[in-house]
A.B. asks: 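First, the structure itself, so that you have it in front of you.
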Number of protein chains: 2
Amino acid sequence: MPTSTRFAVAVHILTGLAVSEGKPLRSEDLAWSANTGAVVIRGLLSRLSDAGLTRSQLGAGGGSLLAKPAKKIRLLDVYAAVEDTELFSLHRTPPCESCAVGGNIIAAIQPALDRARKALEAELAKTTVADVAAEVARLGKFSIPLAW
Amino acid sequence: MPTSTRFAVAVHILTGLAVSEGKPLRSEDLAWSANTGAVVIRGLLSRLSDAGLTRSQLGAGGGSLLAKPAKKIRLLDVYAAVEDTELFSLHRTPPCESCAVGGNIIAAIQPALDRARKALEAELAKTTVADVAAEVARLGKFSIPLAW
DNA sequence: AAAGTGTGTAATAGTGATGATTACACACAA
DNA sequence: TTGTGTGTAATCATCACTATTACACACTTT
């Protein structure tokens, strides 16, 4: 599974915006923190904005902001906003229709996979960006304080 | 987050062996049912065998068999046997160490991701290959009966 | 013992998603 | 008006995954 890093970076972005407390952050600032390119950040911000999680201020002194309180943004919302492939991939080519197993295997395992996916999502719904930001702040106290 | 198709095909294989009831199935038979190549099947069987889920009989009339009752093989066991990447990928390049957010984000989100992963795994542990085989048999009753 | 069958693994190639990067039009603030 | 920053398109390289070919080896059957 080449899995994407988008989810982790998106949480990173939102956490950054949360600790920024109303001051807009430029994509370049976020890119520096996440150690990636500014365009990658803007691509993610585009998805997050579509999902109603962030908004942007254009022009000088602009940047991105949270569109709603960090406490209202669940990791599940972030996950849904930036991941676009199914959690479980099925057969690349559909199995043999005329086989006893091949013809029914998809329908037979789908319910179990759905339950697993829902369990994952339910757990991701329990944590908010505010929780992550608080944890970052707590951990930061044990590090040498450094400016952004 | 996307998984490879290995998990789905591996469940397919094991379900096939379960309904075969002790009669060895060749990798070519399984490949035909799963609509893929026999070498792909053998690669999966190699992993499943390492995990103690299947065993092989060499020579004429040989093939693969379940190494333990289908009721004892959980989807979680299959998942663990054939998937080798982490469910959640983190940053491709480590984030900025000297940032308040970048330096702690990994540690801050890891617990939440672990909880989500465990929830998924717990759910996958509830279903066995025997359950899937029974479901395939049940669904088969509503289809036109066809030979293997 | 010989012949044939099927597994196990290496090697190679094609495919698709991902992330990095360049480029540029546009909107807004100062 | 000028400068700043966003938004998006277009490439490009990389990597995992699957398909496929090839072949050595083990075992069963005769």
A.B. asks: When you compare the side chain of Asp114(A) with that of Phe88(A), does any pair of heavy atoms fall below 4.5 Å?
C.D. replies: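 Not in contact.
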
A.B. asks: Would you indicate what Gly63(B) reaches in the nucleic acid, counting non-hydrogen atoms under 4.0 angstrom: base, sugar-phosphate, or nothing?
C.D. replies: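 Answer is sugar-phosphate: Gly63(B) comes under 4.0 Å of backbone atoms only.
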
A.B. asks: Find the distance Gln57(B):CD to dT5(C):C1' and express it as a whole number of Å.
C.D. replies: 13 Å

A.B. asks: Check whether any side-chain nitrogen or oxygen of Ser46(A) sits under 4.0 Å from OP1 or OP2 of dT8(D), and answer yes or no.
C.D. replies: yes

A.B. asks: Should Lys71(A) and Asp131(A) count as an ion pair when the cut-off is N to O under 4.0 Å?
C.D. replies: no

A.B. asks: For Arg26(A), does its backbone N or O pair with a side-chain atom of Asp29(A) as donor and acceptor, under 3.5 Å?
C.D. replies: yes

A.B. asks: Examine dA17(C): is either OP1 or OP2 under 4.0 Å from a nitrogen or oxygen in the side chain of Thr85(A)? Give yes or no.
C.D. replies: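 False: Thr85(A) side-chain N/O out of range (4.0 Å or more) of dA17(C) OP1/OP2.
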
A.B. asks: Using the test side-chain contact (heavy atoms from CB on, under 4.5 Å), find all partners of Glu123(B) that sit at least two apart in sequence or belong to another chain.
C.D. replies: Arg115(A), Ala116(A), Ala119(A), Lys126(B)

A.B. asks: According to salt bridge (charged side-chain N to carboxylate O under 4.0 Å, His left out), who are the partners of Arg42(B), at least two apart in sequence or on a separate chain?
C.D. replies: none

A.B. asks: Round to the nearest Å and state the distance from Arg55(A) atom CZ to dC28(C) atom P.
C.D. replies: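 Whole-Å distance recorded here is 14 Å.
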
A.B. asks: So, does Ser27(A) get its side chain near the phosphate of dT6(D), meaning an N or O under 4.0 Å from OP1 or OP2?
C.D. replies: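 Answer is yes, contact under 4.0 Å.
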
A.B. asks: Could you check how far CZ of Arg47(B) sits from P of dT9(C), rounded to whole Å?
C.D. replies: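 Distance, rounded to whole Å: 12 Å.
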
A.B. asks: Say whether, by atom type as modelled, one donor and one acceptor occur between the side chain of Asn104(B) and the main chain of Val101(B) under 3.5 angstrom.
C.D. replies: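 Side chain of Asn104(B) to backbone of Val101(B), a donor-acceptor pair under 3.5 Å: no, none is there.
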
A.B. asks: Sugar-phosphate means primed atoms, P, OP1 and OP2; the rest is base. With that split, encode nucleotides 19-27 of chain C 5' to 3' as B, S or - using protein heavy atoms under 4.0 Å.
C.D. replies: SBBBB---S

A.B. asks: Within this structure, what is the CG-to-P distance between Leu25(A) and dT4(D), rounded to whole angstrom?
C.D. replies: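 Taking atom P of dT4(D) as the reference, CG of Leu25(A) is at 18 Å.
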
A.B. asks: dG5(D) P sits how many Å from Leu30(A) CG, rounded?
C.D. replies: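 Value for this atom pair: 13 Å.
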
A.B. asks: What's the CG-C1' distance between Leu44(A) and dT8(D), to the nearest Å?
C.D. replies: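 For the pair Leu44(A) CG and dT8(D) C1', the rounded distance is 14 Å.
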
A.B. asks: Any side-chain N or O of Ser56(B) less than 4.0 Å from the OP1 or OP2 oxygen of dG6(C)?
C.D. replies: no

A.B. asks: What integer distance in Å separates Ile41(B):CD1 from dG6(C):P?
C.D. replies: 16 Å

A.B. asks: Where the side chain of Asn35(A) meets the backbone of Pro94(B), is there a donor-acceptor pair that is under 3.5 Å apart?
C.D. replies: yes

A.B. asks: Rounded to the nearest angstrom, tell me the gap between atom CG in Leu48(A) and atom P in dT8(D).
C.D. replies: 13 Å

